[in-house]
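Structure first, commentary second.
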There are 2 protein chains.
Amino acid sequence: MSSRITIKDVAKEAGVSIATVSNVMNGTGRVSIRTVRKVEDVIERLQFYPSKAARNLKDKSSHLIAVVVPYLKEARLRDNPFYWKLMIGIEEGAKHKSFQVMLMDVNDEESFAFVQERHLDGLIVVGTFQNAPVIDRILALKKPVVFMDSYISDLSLYQVYLDDEEGGYLGAKHLLELGHRSIGVMCGLLIEGGVYHARWKGFQKAIREAGLSMDNQHIFDIHTSAEKGRRLAHQIAEEHPDITAMFSFSDIGALGLIRGFHEKGIRVPDDMSVMGFDDMYYMEYMNPALTTIRQNVHEKGRAAVEMLMELIDDSATSARQIVLPVELIVRESTDICKHTAQS
Amino acid sequence: MSSRITIKDVAKEAGVSIATVSNVMNGTGRVSIRTVRKVEDVIERLQFYPSKAARNLKDKSSHLIAVVVPYLKEARLRDNPFYWKLMIGIEEGAKHKSFQVMLMDVNDEESFAFVQERHLDGLIVVGTFQNAPVIDRILALKKPVVFMDSYISDLSLYQVYLDDEEGGYLGAKHLLELGHRSIGVMCGLLIEGGVYHARWKGFQKAIREAGLSMDNQHIFDIHTSAEKGRRLAHQIAEEHPDITAMFSFSDIGALGLIRGFHEKGIRVPDDMSVMGFDDMYYMEYMNPALTTIRQNVHEKGRAAVEMLMELIDDSATSARQIVLPVELIVRESTDICKHTAQS
DNA sequence: CTGAAAGCGCTTACAG
DNA sequence: CTGAAAGCGCTTACAG
């Protein structure tokens, strides 16, 4: 490969000093219009691209941010298309501000060197947990950081949320309006201040508003995955004949539930209503098409990256938490409760 | 933020020159064991991380590669979980070689500046097409590059493929063995030398081996998406009563087909067998669970990144094309043909 | 308006 | 075995 074109080549070719070339590129200093033209011509002709490495050395800013996904190896993350949409949203927003994005996997605690080495300007941390040791490591970096899809109750941290409580509320209300009185909830791990917990609170609120008791509802606080959903459906088929509707706090879980019920000869929605959360792509193509709570993941990525940009610019907004709206999407997997009410 | 620790700080603290510190870090030159210990202690104590920006300036190598996804904005890519798995596989492989990975979206033709500016060491280009103008732009960069999931017939380029022909063959053979004689193929755009074309060739091979004519098979060379599949199912329900099985060259398409047939009251697999290609996660949770051809996307990412590493090291392998195996996964969406043979 | 020079934080011959 | 110095490709005061 031919050796790179540098600022020196441009200066020589244009018959000016490198300082002038630099000034032209950055629009700094006083340069005559004629010189500007001449230099720009040469830059264009020589296809000169200034080295960011050299620039970073002065500026300290790398114009690079990282999306950090702790524990990337876990199949849970790997199989979740959610993250891809997120990456794309983040990439778009970053590009807009002429930042570029790296994907980092930091399952081992020592792998934070890159943040310092690369002079990263900021971090978006996705999907970690309250009290995860990795959080302290990240904060110790003293870099601008936005947490998303995380379970952190510390309100001094910058975070992007969904209106999870509203989502839980809307879902429960929908089932209630269909006449269901005994609902099972596959709700993930209920950690105080976490997203699942918020959904759970919304659920409870709807139940109370309907004048019902939480005692008739069933909580299954297991991790949400398709396989777990499938097994849970089996369990419910055998042990909980009173349940007429299931609310899974993730579409993935709902998928597994429906499959599990099917295997047990329980028809959805005829014998059992199932409602999800997320509205992943495909969900409208399922049989039955899934009723769910829609969140806009792409938008979430955009919001996170915008927040991070403000932090980096030091033009931080007042709000440290951004809450994105959710929407109830009614399709086929939920239906009127046909069981006889048995007060 | 406190100003960075530099090599100077370490040198001063350890009472040696910066050259010695550098030598200790890189294991170069002759340094006494005592000095090494002392310097390492200080590095550890001061939490010193050498600046990659400075290092790059000398080395030229950035230890950075990019995954380039042209036309990222297209929903087709956005909704495809495939890419996320790929990214993770690539990230893992890169990390292993202490490279880091950036995600780049290059829908506009001018956005290649970053490759030069960042001194990127190599590129993995995903999902472009034969004759896409972007390919020439990429090659003009004169950087090591591996193409994946692309439709490029130029064999001088480094590419990672699936054994697509075998996949098409296995799928067709499976349907044939079940007694199907009139098969519809939803095969994506058939471009010479592309992956869909290879699958198509495999399909034909199986048909011929079975002593059948291609005239009885139906080709639908439309883009594979869930929605397209759904509409195609409607069309088939109305216009092609002879078809008893569908082979979609993507799971996404199969999903749409099954949904579409369902909407038309055609039962899968009782009235119609449907087979996919890819084996995305979830597929075993569908109703019916999807019969498909499995590819290991994660492995594909690993293979691509390994190939790229060899190119960068200049220790390039003999093979410019790597072919990964596929596997037939039989589940519920395909069944014995119940139609009367009407030769 | 323009240029010479210092400096960013490293690495790499080259002396000693 | 160790260090002084040049240089990587830029930017930024500072003179002129």
Side-chain angles (χ1 to χ4, degrees), chain A residues 1-40 42-43 46-64 113-121, chain B residues 1-40 42-43 46-64 113-121:
Chain A
M1 329 227 155
S2 56
S3 76
R4 260 185 95 84
I5 305 285
T6 73
I7 197 173
K8 273 190 199 164
D9 302 312
V10 176
K12 186 180 296 173
E13 184 74 14
V16 298
S17 73
I18 60 166
T20 298
V21 175
S22 177
N23 281 140
V24 170
M25 288 194 296
N26 301 300
T28 50
R30 320 264 83 228
V31 192
S32 76
I33 196 79
R34 283 202 57 221
T35 308
V36 170
R37 290 245 176 75
K38 191 170 52 179
V39 171
E40 283 178 342
V42 175
I43 287 176
L46 263 43
Q47 296 260 64
F48 167 61
Y49 297 102
S51 159
K52 278 236 189 345
R55 197 171 271 177
N56 292 177
L57 210 49
K58 297 289 300 185
D59 294 0
K60 256 69 187 261
S61 159
S62 63
H63 271 229
L64 222 44
F114 70 90
V115 176
Q116 312 279 14
E117 291 174 350
R118 298 267 185 208
H119 303 263
L120 292 190
D121 290 331
Chain B
M1 328 225 158
S2 57
S3 75
R4 258 186 97 85
I5 304 284
T6 72
I7 197 172
K8 272 191 199 163
D9 303 312
V10 175
K12 186 180 298 172
E13 184 73 15
V16 299
S17 73
I18 60 166
T20 298
V21 176
S22 176
N23 281 140
V24 169
M25 289 193 296
N26 300 301
T28 51
R30 320 262 85 228
V31 192
S32 75
I33 196 79
R34 283 202 57 221
T35 308
V36 169
R37 291 243 176 75
K38 191 170 50 178
V39 172
E40 282 176 343
V42 175
I43 288 177
L46 262 44
Q47 295 260 64
F48 167 62
Y49 296 103
S51 160
K52 275 232 186 352
R55 198 171 269 177
N56 291 176
L57 210 49
K58 298 288 300 183
D59 294 359
K60 255 65 187 256
S61 159
S62 62
H63 272 228
L64 221 43
F114 70 90
V115 177
Q116 312 280 12
E117 291 174 350
R118 298 268 186 210
H119 304 262
L120 292 190
D121 290 331

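Naming: A, B, ... by sequence-line order, numbering from 1 per chain. Just the heavy atoms: all of them, side chains too, but no hydrogens, waters or symmetry mates, feed the values below.
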*asked:* Check this one for me: any side-chain N or O of S17(A) less than 4.0 Å away from OP1 or OP2 of dG3(C)?
replied: yes
*Heavy atoms under 4.0 Å, any strand shown: does V21(A) hit a base, just sugar-phosphate, or nothing?*
nothing
_Whether R55(A) contacts dC10(D) is assessed here as follows: a side-chain N or O lying under 4.0 Å from the phosphate OP1 or OP2. Is that the case?_
no
*asked:* Both distances below 3.5 Å, Watson-Crick or wobble geometry, any strand: find the nucleotide opposite dA13(D).
replied: none
_Using whole Å, what does the distance between atom P of nucleotide dC10(C) and atom CD of Q116(A) come to?_
12 Å
_I5(B) and Q47(B), any side-chain heavy atoms less than 4.5 Å apart_ = no
*Give the nucleotide from the list dG3(C), dC10(D), dC1(D) with an atom nearest to the side chain of I18(A).*
dC10(D)
*Watson-Crick or G-U wobble partner for dA4(D), using a 3.5 Å limit on both distances?*
none
*Any side-chain N or O of K8(A) under 4.0 Å from OP1/OP2 of dC10(D)?*
no
*Look at the side-chain N and O atoms of T6(B) and state whether any lies under 4.0 Å from the OP1 or OP2 oxygen of dG9(C).*
no
*Side-chain heavy-atom pair N26(A), R55(A) within 4.5 angstrom cut-off*: yes
*Would you indicate, yes or no, if dT12(C) has its OP1 or OP2 atom less than 4.0 angstrom from a side-chain nitrogen or oxygen of N23(B)?*
no
*Does a nitrogen or oxygen in the side chain of K58(A) sit under 4.0 Å from OP1 or OP2 of dA6(C)?*
no
_T20(A) side-chain N/O to dG3(C) phosphate OP1/OP2 under 4.0 Å_ = yes
*Should S22(B) and I7(B) count as side-chain neighbours, where that means a heavy-atom distance under 4.5 Å?*
yes
*asked:* Please determine whether a side-chain nitrogen or oxygen atom of T28(B) lies at a distance below 4.0 Å from atom OP1 or OP2 of dT11(C).
replied: no
*Hey, does R118(B) have a side-chain heavy atom less than 4.5 Å from the side chain of H63(A)?*
yes
*With sugar-phosphate meaning primed atoms plus P, OP1 and OP2, does N56(B) contact a base, only sugar-phosphate, or nothing at under 4.0 Å between heavy atoms?*
nothing
_Main chain of E117(A), side chain of S51(B): is a donor-acceptor contact present, judged purely on distance under 3.5 Å?_
no
*Side chain of V16(A) (C-beta onward), nearest among dG3(C), dC10(D), dC10(C)*: dG3(C)
*asked:* Using the side-chain heavy atoms of T35(A), tell me which of these nucleotides is nearest: dC8(D), dT11(C), dT2(C).
replied: dT2(C)
*Taking CG from N26(B) and C1' from dA13(C), how many angstroms apart are they, rounded to a whole number?*
14 Å
*Can you check the R34(B) CZ to dT2(D) C1' distance for me, whole Å?*
14 Å
*Base, sugar-phosphate alone, or nothing: which one does K60(A) contact when heavy atoms must sit under 4.0 Å apart?*
sugar-phosphate
*Looking at dA4(D), dT2(D), dT12(D), which one has an atom nearest to any side-chain atom of A19(B)?*
dA4(D)
*Do F48(A) and M25(A) have side-chain heavy atoms sitting under 4.5 Å apart?*
yes
_Please report the distance, rounded to the nearest Å, between CZ in R30(B) and P in dA13(C)._
15 Å
_Contact under 4.0 Å: S22(A) side-chain N or O vs dT11(D) OP1/OP2_ = yes
*Give the rounded distance in Å between these two atoms: CE of M25(A) and C1' of dC10(D).*
7 Å
*Whole Å only: how far is the CG atom of L57(A) from the C1' atom of dA6(C)?*
13 Å
*Can you figure out which of dT12(D), dC10(D), dT2(D) approaches the side chain of D59(A) most closely?*
dT12(D)
*Below 4.0 angstrom from OP1 or OP2 of dT2(D), is there any side-chain N or O of S32(B)?*
yes
*Quick one: on DNA chain D, does V31(B) or A54(B) contact a more 5' nucleotide (nearest heavy atom)?*
V31(B)
